[in-house]
Amino acid sequence: MPLQNASNPDNLFSAIEPALITDIGSRGIGKLSCPGDLQRCCEQLLTANRVGIATGFYLTDSIASETDGPLGALLLSVGLHQLKKTTVVISDRYTAPLLRRCVDALQLPCTVAVADAVDLSTLDHLIAIERIGPASDAASYSMHGVALQYGNDSLADLFETACSRGIPTTGIGDGGNEIGMGKVAELVVNHIPRGALIGCRVATDSLLVCGISNWGIWGILAGMSFDTGTNLLPTRAVETEILESLVREGAIDGVTKQAIATVDGFTLEEQFLVRERIERLLAGLPIPIESQA
C-alpha cells in the first residue's frame, strides 16, 4: 500500500494506538494505554543499529511455546532488516530452539540467543513482546493466576540492567503479566482480573498495550514506515508463512492450546481487520464506521 496523505505524525500515531488496543479478547486492557509511547519507540528504533527482541511464553501445561510473541518478534526482525539494522531475538532455553528452527527454515535475517549469552553493550534498544515477567512476589503467573514453575526463565534482569544503563526499552503485552507492564502497575491492579497477583513489576521506557501482543509490531512497523517513506509492513503472505512455520516447529495457540496457525484463538484473517485499519491510517484513507467500534 502506498504511503501518502497520512497528515502529520502526531495524528497518525494517536490514531494507530486505539486500533492496537482493540480488546478482541475482552481482557479489560482498554484502561492501560500509554499515549505517545508508540511514537517514542519508533523514533528510538530509527536511531538504533542493533536491536534485541525478547519473546517466548512457554505453556507449562502443554510443554510448548505460544504463537503470540514469536510471530511479532520475527516480523519486526524482517522489517528492521529493510532499514539495515541488525536484530537478535532473545529467549530462554525452552523457546530459543523453536525460534532457531523457524529462522533457519525460512532463512530470516536475525540471530537467536538465550538471555545469558546476550551482551547488552552491543544493543541500542531492547524490546519485550509477550514475554512473561515476575510479579511483586517474584513469581511469574498466567492470566488465570497460575504460578508457572518452569519453562520461562526470567529475563527481568536483562531489562532492569538495560534501564540502569540508559538503553531504551519497550514492552509489548496484552494481559498485564508481561515485561513492561510495571509502567502501569496500578492500572493493572485496578482493571485487570487478578491484576494484584499477576501484574509484572518490570517497567520499560515505552509500553504498547494491544489486543494481541503481535499487533504492537504492526504499529511499530507502520510508524517507522511513515517516518522513512518505506513500507516496512510484511505482506500478509509472509506473515502467514512465518506463523505456519512456527507451528510446524512446535508452537501452539496460547488460548486453544492447539497446534494450528492461530493466535490467542483468532485466525490471521480475523486479526487482519485490525491490520487493515492501520494500513488505511498509514495511507491516509478513511476508516469504515464499522471498523471504528
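Quick caveat, the model's predicted, so the values are computed rather than measured. The first residue of the sequence shown is numbered 1, and numbering continues consecutively from there.
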Close side-chain approach of Ile220 to Leu208, heavy-atom, < 4.5 Å: yes
Could you check whether Gln271 and Trp218, counting side-chain N and O atoms only, form a donor-acceptor pair closer than 3.5 Å? no
Phe159 CZ to Asp205 CG distance, which is reported to the nearest 0.5 Å: 10.5 Å
Could you check whether any side-chain heavy atom of Asp61 comes within less than 4.5 Å of a side-chain heavy atom of Lys257, counting everything from C-beta outward? yes
State plainly whether the residues Arg236 and Glu276 are in salt-bridge range, i.e. N to O under 4.0 Å. no
For Ile172 and Cys210, the nearest pair of non-hydrogen atoms, with its separation, is CG2-SG, 4.0 Å
I want to check something: taking the side chain as every heavy atom from C-beta on, are Leu108 and Val89 in contact at a cut-off of under 4.5 Å? no
Minimum side-chain heavy-atom gap Val274-Ile212 below 4.5 Å: no
Please report the interatomic distance CE(Met143) to CD1(Ile192), rounded to the nearest 0.5 Å. 6.5 Å
Should Asp174 and Arg27 count as an ion pair when the cut-off is N to O under 4.0 Å? yes
Can you check whether Arg50 reaches Val88 side chain to side chain, under 4.5 Å on heavy atoms? yes
Shared hydrophobic cluster for Trp215 and Ile179 (ILVMFWY, side-chain gaps under 4.5 Å): no
Report the C-alpha distance between Cys200 and Glu178 in whole Å, list the side-chain angles of each, state the deciding distance to 0.1 Å, and finish with yes or no for side-chain contact (heavy atoms from CB on, under 4.5 Å). CA-CA 6 Å; Cys200 177; Glu178 304 94 348; 5.7 Å; no
Is there a path of hydrophobic side-chain contacts, each under 4.5 Å between heavy atoms of I/L/V/M/F/W/Y residues, joining Met181 to Val189? no
Is there side-chain contact between Asp124 and Pro168, with at least one heavy-atom pair below 4.5 Å? no
Between Arg131 and Asp92, does any side-chain N to carboxylate O distance fall below 4.0 Å? yes
Starting from the C-alpha separation in whole Å, work towards a yes-or-no answer on side-chain contact (heavy atoms from CB on, under 4.5 Å) for Ile242 and Val238. CA-CA 6 Å; Ile242 294 176; Val238 166; 4.1 Å; yes
Hey, does Leu120 have a side-chain heavy atom less than 4.5 Å from the side chain of Leu123? yes
When you look at Ile24 and Asp264, which way does the side-chain contact (heavy atoms from CB on, under 4.5 Å) test go after all the steps? CA-CA 10 Å; Ile24 192 170; Asp264 286 357; over 6 Å; no
Output the distance between atom CG (Asn214) and atom CG (Leu20), rounded to the nearest 0.5 Å. 11.5 Å
Working to the nearest 0.5 Å, report the span between OG1 of Thr204 and CG of Leu126. 9.5 Å
Would you say NE2 of His191 has more than 12 non-hydrogen atoms from neighbouring residues, nucleotides or ligands within 6.0 angstrom? yes
Check whether NZ of the Lys or CZ of the Arg Arg194 lies under 6.0 Å from the centre of the six-membered ring of Tyr141 and within 45 degrees of that ring's axis. no
Would you call Lys183 and Asp37 a salt bridge, using N to O less than 4.0 angstrom? yes
Between Glu43 and Phe13, does the side-chain contact (heavy atoms from CB on, under 4.5 Å) criterion hold? Intermediate values first, please. CA-CA 12 Å; Glu43 290 171 349; Phe13 285 103; 5.9 Å; no
Heavy atoms, side chains only, cut-off 4.5 Å: are Ser140 and Asn152 in contact? no
Would a hydrophobic clustering, with Ile, Leu, Val, Met, Phe, Trp and Tyr connected at side-chain separations under 4.5 Å, put Val51 with Val112? yes
ILVMFWY network linking Leu74 to Leu83, side-chain heavy atoms under 4.5 angstrom: yes
What closest approach, in Å, do Gly254 and Leu59 show between heavy atoms, and which atom pair accounts for it? CA-CD1, 3.8 Å
Roughly how far, to the nearest 0.5 Å, is the CD1 atom of Ile167 from the OG1 atom of Thr161? 8.5 Å
Give the cluster check for Leu233 versus Ile53: same hydrophobic cluster or not, with ILVMFWY residues linked at side-chain heavy-atom distances below 4.5 Å. yes
List the atom of Cys42, the atom of Gly223, and the distance in Å for their closest heavy-atom pair. SG-CA, 3.9 Å
Rounded to the nearest 0.5 Å, how far apart are CG of Leu76 and OG1 of Thr170? 9.5 Å
